[in-house]
J.: 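Below you'll find the structure I mean.
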Amino acid sequence: MEKMRAMVLSECAKIETNPLKLTKIDRHEIQRPNEILLKIEACGVCHSQLHGIEGDWKDIGIPPTLPTVPGHEVVGKVIEVGDTVTKFKVGDRAGITPLLEACKECQYCKEGKEYLCESSTILGESLKGGYSEYVTVTEDFATKVPESMKPEYAAPLFCAGITAYKAVKAAEPKSHKKIGVFGIGGVGHMAVQFAKVEGCDVIAFSRSEKHLDVAKRLGAQDAMTFSENQDEFLEKLKDKHGMLDAAIVFAPADIVTDTAIKSIKKGGLVVIATVGENPAFAAFEEKTIRGTLIGSTKDMEQVIKICDEKNLEVVSETFPLEDANKVLKKLKDSEIEARAVLIP
Ligand SMILES: [Zn+2]
Ligand SMILES: [Zn+2]
C-alpha cells in the first residue's frame with residue numbers, strides 16, 4: 001500500500017497543544033468505477049475545523065469518528081479515473097466541497113438539494129480529508145476547476161465561496177437592495193463580492209478594522225464596526241444608512257444574529273449561515289429568517305463561473321501542510337485576514 005502525508009487528529013484538544021500530528025497513512029485509491037483520484041494542490045482552512053478539533057461541536061456529532069484528517073475545501077489534479085468516469089480525464093483539475101457524497105435517491109437529492117441529504121458523507125470527517133496529499137471522490141461530487149485558477153484561489157471557493165454564494169442567493173438579491181453582511185472573514189469577504197455582482201448596495205459589519213478594510217476594498221458601500229452595545233449600534237446604522245432590506249449572518253455569535261434581525265426593515269429577510277440559537281423575533285413585523293448550508297454541485301459550478309468571469313478576489317495566504325496547527329492557532333487569534341490555505 002502506498003503511503004501519503006496527512007495531518008491526523010486522534011483526539012480533540014485545544015489547538016495550542018498541537019493536536020494534529022503529521023502521519024504517514026495509506027494513500028486513498030480508487031475503489032469504485034465512478035471515482036477519480038486527486039493529487040491535492042491546496043486545501044483551505046475553515047473556521048469549522050477549529051471547532052471540530054477543539055471539541056466544541058461534540059454535541060452535534062462533529063467529528064463523528066476519530067481519527068480523522070480534517071479539511072473540506074480541496075482542489076487537486078486528477079491523476080487517475082475509474083472505468084465509468086466521463087466528466088474528468090487524467091490531467092484535469094477538480095475541487096470538492098464539504099459534501100463528499102450523497103445518496104442521489106432521496107427527495108432532497110432529487111430536488112437538487114443534495115447538501116440536505118440524510119445519508120451524506122462529509123469531507124474531512126473521516127480519514128478522507130483535505131489536510132493530506134491525495135483524496136478520492138465520485139465524479140458527480142467533484143467540480144471542474146479552470147487551468148487558469150491558482151490553487152490558493154480555487155480551494156477557498158469550495159467552502160467559503162459556495163457558502164457565501166448560496167447565502168447571497170438566499171437573501172434574494174437585486175439591484176440596489178441594501179444588504180448587510182455581518183462577519184467579514186473567509187466567507188464574508190466573498191459574500192460582499194457576490195452581492196455586488198447582483199447590484200446590491202452592501203454594508204459590511206465586523207469587529208476587526210482589518211476586515212472592514214478588506215470589505216471596503218472589495219466594493220462594500222460602507223463598513224461599520226460591530227458593537228455589542230446594540231442600541232448604540234442600531235442608532236448609528238439608522239443615522240448613516242437607514243434600516244437594511246436584508247442581512248446575512250456569518251459570525252457565530254447569538255448577539256450578532258439578534259442585532260441583524262433588528263437591523264432590517266419590517267418585512268425584511270435575515271439569512272443565517274452559522275450555528276447558534278435563534279433569538280426571538282416579533283412576528284407582527286413580518287420578517288423572514290432563513291437558514292442556509294453550503295450548496296449543490298450546480299451552485300458550485302456557478303461559483304467557479306462567476307469568479308472566473310467577474311474576476312472576484314480571494315484573499316488568501318498559503319502555508320505548508322505541516323503548519324496546520326500553527327495556522328489554526330492564528331485563525332483562533334484572528335490573525336488571518338480572510339482565508340489560510342495549506343499546500344501539501
Ligand atoms: Zn468550511
Ligand atoms: Zn439523498
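Just follow the structure's listing: the first ligand is 1, and inside any ligand the first atom is 1.
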J.: When you draw lines from the Zn ion (ligand 1) to NE2 of H72 and to SG of C159, what angle lies between them, to the nearest 10°?
T.: 110°
J.: Please determine if the Zn ion (ligand 1) has an N/O/S atom from C46 lying under 2.8 Å away.
T.: yes
J.: Please state the angle at the Zn ion (ligand 2) spanned by SG of C117 and SG of C106: what is it, rounded to 10 degrees?
T.: 120°
J.: If we count only N and O atoms by modelled type, under 3.5 Å, do the side chains of E114 and T297 hold a donor and an acceptor together?
T.: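 Present: a donor and an acceptor within the cut-off.
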J.: Measuring only between side-chain heavy atoms, which start at C-beta, is H72 closer than 4.5 Å to C46?
T.: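 Side chain of H72 against side chain of C46, heavy atoms only: contact under 4.5 Å found.
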J.: Is the gap between the ring centers of F182 and F250 under 6.0 Å?
T.: no
J.: Under 30°, 30 to 60°, or over 60°: which ring-plane class applies to H51 and W57, parallel, tilted or perpendicular?
T.: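 Aromatic pair H51/W57 classed parallel.
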